[in-house]
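Computation of the quantities below employed the complete heavy-atom set of this structure, encompassing side-chain atoms and omitting hydrogens, waters and symmetry-equivalent molecules. In this text, all values refer to a predicted model and were calculated from it rather than measured experimentally. Lettering follows sequence order; numbering is per chain, from 1.
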Amino acid sequence: MVASTFGRSGGRILAIAGKEVLHIRRDPRTLYLALAMPVVMLVLFGFGISFDVDHLELAVVDQDGTWASRELVRQFTASKEFVVSTESPSPEQALRDARRGHVVAVLVLPKGFARAVSSGGAQVQLLVDGADGNTATQVLAKAQALIQVASPRLAGEGAPLPAPPVEVRIRTLFNPGGRSALFVVPGLAAYLLAIVAVLMTALTVAREWERGSMEQLFATPVGRMEIVVGKLLPYLCIGLAQVLLVLTAGAWVFSVPIRGSLPVLGLGALLFLIGMLGQGLLISVVTRNQVVATQVATLTSMLPSMLLSGFIFPISNLPAPLRLLSTLIPARYFVSVLRGVLLRGNGLEVLWPQLGALALFALLILAAAMARFQRRLD
Amino acid sequence: MHPLLVQYRAVVVKEVRQTVRDRRVMALLTLAPLMQLFVLGFAVNFDVRRVPTAVVDRSRSVESREHARTLLAGDTLRLIAEPHDERSAATLLEDGETSVALVFPPSFEKDLLRGDGAWVQALVDGSDPVRSSVAVDAVARHAAARASTLGMEQARRLGREPPRSTVTLESRVLYNPALETAVYVVPGIAAMLLLIVTTLIMSMGLARERETGTLEQLQVTPLRSSVLMLGKVTPFLLVGLLDVGLALCVGAWVFGVPLRGSLLLVALATLLYLMSTLGTGLLIATASRTQQQAFVGGFLFMLPAVLLSGVMTSLRAIPDWLVWLTWLNPVRHYVEVLRGVLLKGAGLSDLWPQFLLLSGFGVLMLGIATRRFHKTAA
Amino acid sequence: MNVIEVEHLSRRFGDFKAVDDVSFTVGAGEIFGYLGANGAGKSTTIRMLCGLLQPSGGHARVAGHDVAIAPERVKAGIGYMSQRFSLYLDLTVRANLEFFAAAYGGHGATLRAAIDAMLERMQLTSVRDAVTGALPGGVQQRVALASAVMHRPRIVFLDEPTAGVDPLQRRSFWQLIRELAAQGTTVFVTTHYMDEAENCARIGIMVDGRLVALDTPEALKREHAPGRVLDVRGPGLAQALDGLRGEPGVLDVSRFGSGATVRVDPTRVEAQAVARWLRARGVEPLEMEESAPTLDDVFLALTASAQRGED
């Protein structure tokens, strides 16, 4: 008896899932997009999102024109961190280049620089475009370090400095090359999955409301649970296929390692996808209109998943209220799971809180969607 | 009144009525971007602070305690654990509990006092390269500073002249002396939100007319497609200008974004930029039969446009072939104008290339969209 | 004077001939009915005549202009109401009329007066500030008609205007159409409902893209469904009918559910003779009703002969 009820329910779920598959197949463009887009984007942005700022454009105003001044400029270019893009006769002209964004800094070597070097008190001026604070900080640090190294050479001081009494021996774990891609790719994967999953469900279900076929479904003896499960099932499969594709692309193109447990990763992906699909469902149930649904879905998935998930910006940097808000963003936990498993080789014993949070989110959002579903019918 | 003007006014009035009618759409067009700007302005922050740090002090001496204390006194590192041995420090790193582990060897104080090269080991989690490089930098700089004070004390004890640097760097930060991230990022976020809101509303609005059949009704009227397009674009141009105005206010009051250049220039750039985004939205709609397709198309344009615009990450950090691609990105040019005018007080003489590209892109997109629309009508 | 002149008009979609060599003319002030099954090519013809679709062959002049050469001039002289009542459902009735009138260039005080007059004429004054989507189908239909004729077009095309509207509303809608025609507007209307088609001065019937008949309703009935129609009902009818088909004077036999319609040539066979014939074959008790043929019968006869021609 119980088995037969269950069987019938399973049959109905499969029927709904089958209908959804037909919809997806009738519009193969959407399917290709859903599968190909994350991979293409991953490759594009894996290269495109990088924090390794080098080749900083420098404008040089050499008012001295001596061996010493030229040597200092040579030290700057030899480091490969700076590129001299213009040599201007006056600081005013160099500043115009800075205002136009052609250079990030202007190095001014005043007249009498060489003489000052030999008398032991030379000064050079660096004007830094501070608009982009992040780049400016790096420019300041790199220039300071360069000057410190160049200074004794210019003075021709042969006397070696005494060995530093304190030395730091640094060992970098997990990503010793400091490659941005290793950091960005797992976060990017979570980000792309979040968007695609939320939007696909939000749109398809909102469309059913708009066309009235949802009412039609309600007129049948199919339960709400069965509708929800049946509708989400095909998209869950697409989502899991996306995870596989994205990870494969990450491993091939960017040599992202998989150091930890794959089953844990799979479980995390499954919970995360269910949560995202549930979010899409909730949005569509509440809005019942494709235009509004997409706007809401974009605002609640695209931006928070990028900014509050730790994908680009570390969560510890957020102000306290936003840090609190970020605990509600499932992408945050999935990014942790991905980085933990891929880069740090973590397993269940470390990542269980993240997995728990993902499960909780999935459960709550599905419950909320179901509750709204119910109420809307009265 | 000229019949074209009558028709144009009719389309504008119709669009405004439809938009104003749905309060949710109005809220999405104005309040939502503002709230996002507010939240994101705080979220986007590259400053690396409060990096969790573990200290393994196997020296247990005055010198090691002093070294750790002065290091942790800065804002960059934050002590979270003091494990007894290296192994438990390594576990903390693997679990992601801590990002830096400092290990003082038992002989630290003895080596230091004897002056034959004391060392301290720093284990760093490199999975986030920005964070790890800042942390490494802080540790190294602190060690160097301590080394130089100790060296000077040593030299004084030995009665020798302490070494001094001959060239000093005098740095001046222009435009954003406090190196605030928000000042730089807020204009970028405004551009991004404007893109998302306008592209989607346009592409889906037209696709919706196609779906509901009103587009066919319009096509049997003598309404010209260019008049229809301009009429549809106009209200959202105004909404976009309003959005930018609001964003500038929030930027100025909440984040202290200055306005150093001409407001008129910002308005002009915004108009040209909106022509690009709205034109692209229309173009996408002419290629879509349903709202869902329109959305996917809009999304495929928006995602790369946002991520490859220099809003989030510096364009200096990406490979050259990708930089070439960003020339086709109106977001990039608009953000450059915004930052130039707001932060640097740049004028048309500095920014004419961006204006040229923006207007070219806008006219091209609107033109192609109108032509395509005209053709698909038959 | 003819306001619509169609010569050998064709439209292909790939290999499929949606409209195949159609020719006809429609005079000023005429109500012209265009009948056909779903997919027979009615909407495709209308779309070509409205300048929405380029013909693949042949010519059509509407309101004095060739639809292929000057579609924009054609559009200025016509009104069009599609089967979906393509209105802006989120706008008020008045806003819809204002918009569509302005799309044809109307403005100012004359437009406002014209809108008020139109609202009055279409009995929409009481709902003018209501949101269109919230109104019942029959009212939406009148709003759509009002939008289509606000600019006083010479010709108005109505593509299945009464689909999904109740019979009472349909009747008053046709009253409006007759008034329009009386004022000189040419009405080109497609419909599924054969009883409505009786209102048309002339009727064209499309089958599979071809125009198979064109005449007044009376002439069509005379030519394609002559005789009398007998509606019969009774037990064991099914077996008996097969034999009836070959009898002299019996033109057509078609079954509907438990009954059937038998069309006979009254000059050759009497209704009573058919009744006797059926009773003799065990159809007892027999119910029989005699009536004149309708356009339904014409339509069925034409569709059937076209299909036979294809076989």
Proximal component of B/R339, with respect to chain A [non-hydrogen, under 4.5 Å]: neither
For B/I201, is it the side chain, the backbone, both, or neither that has a heavy atom closer than 4.5 Å to a heavy atom of chain A? both
Which residue out of B/M35, B/Q36, B/R78, B/E97 racks up the most heavy-atom pairs below 4.5 Å with chain A? B/Q36
Checking B/V100 against chain A: side chain, backbone, both or neither under 4.5 Å from a heavy atom? neither
Choice from B/A32, B/A294, B/P304, B/G340 maximising heavy atom contacts with chain A below 4.5 Å: B/P304
Which bit of A/R99 comes within less than 4.5 Å of chain B, counting heavy atoms only: side chain, backbone, both or neither? both
Would you say A/I195 and B/L303 make side-chain contact, with heavy atoms under 4.5 Å? yes
Of B/L300, B/L343, B/L342, the largest count of non-hydrogen pairs under 4.5 angstrom with chain A goes to B/L300
Considering residues, nucleotides and ligands other than B/R289, do more than 12 of their heavy atoms fall under 6.0 Å from its CZ? no
Suppose we screen for side chain to side chain donor-acceptor pair (under 3.5 Å). Which residues come up paired with A/T300, at least two apart in sequence or across chains? A/Q279
Side chain, backbone, both or neither: which part of A/L351 has an atom under 4.5 Å from a heavy atom of chain B? neither
If we ignore hydrogens and angles and just use 3.5 Å, is the side chain of A/R100 paired with the main-chain N or O of B/S349 as donor and acceptor? yes
Measuring heavy-atom distances to chain B, does A/V128 have an atom under 4.5 Å in its side chain, in its backbone, in both, or in neither? both
Select one option (side chain, backbone, both, neither) describing which atoms of A/A98 are under 4.5 Å from chain B's heavy atoms. both
When heavy-atom pairs shorter than 4.5 Å are enumerated against chain A, which of B/Q293, B/Q354, B/M302, B/E211 gives the highest number? B/Q293
Under 4.5 Å from a heavy atom of chain B, the part of A/L308 involved: side chain
In terms of heavy-atom pairs under 4.5 Å, which option from A/V104, A/V40, A/D97 contacts chain B the most? A/V104
Okay, A/D129 and chain B: the region with an atom under 4.5 Å from a heavy atom over there is both
Side chain, backbone, both or neither: which part of B/M192 has an atom under 4.5 Å from a heavy atom of chain A? side chain
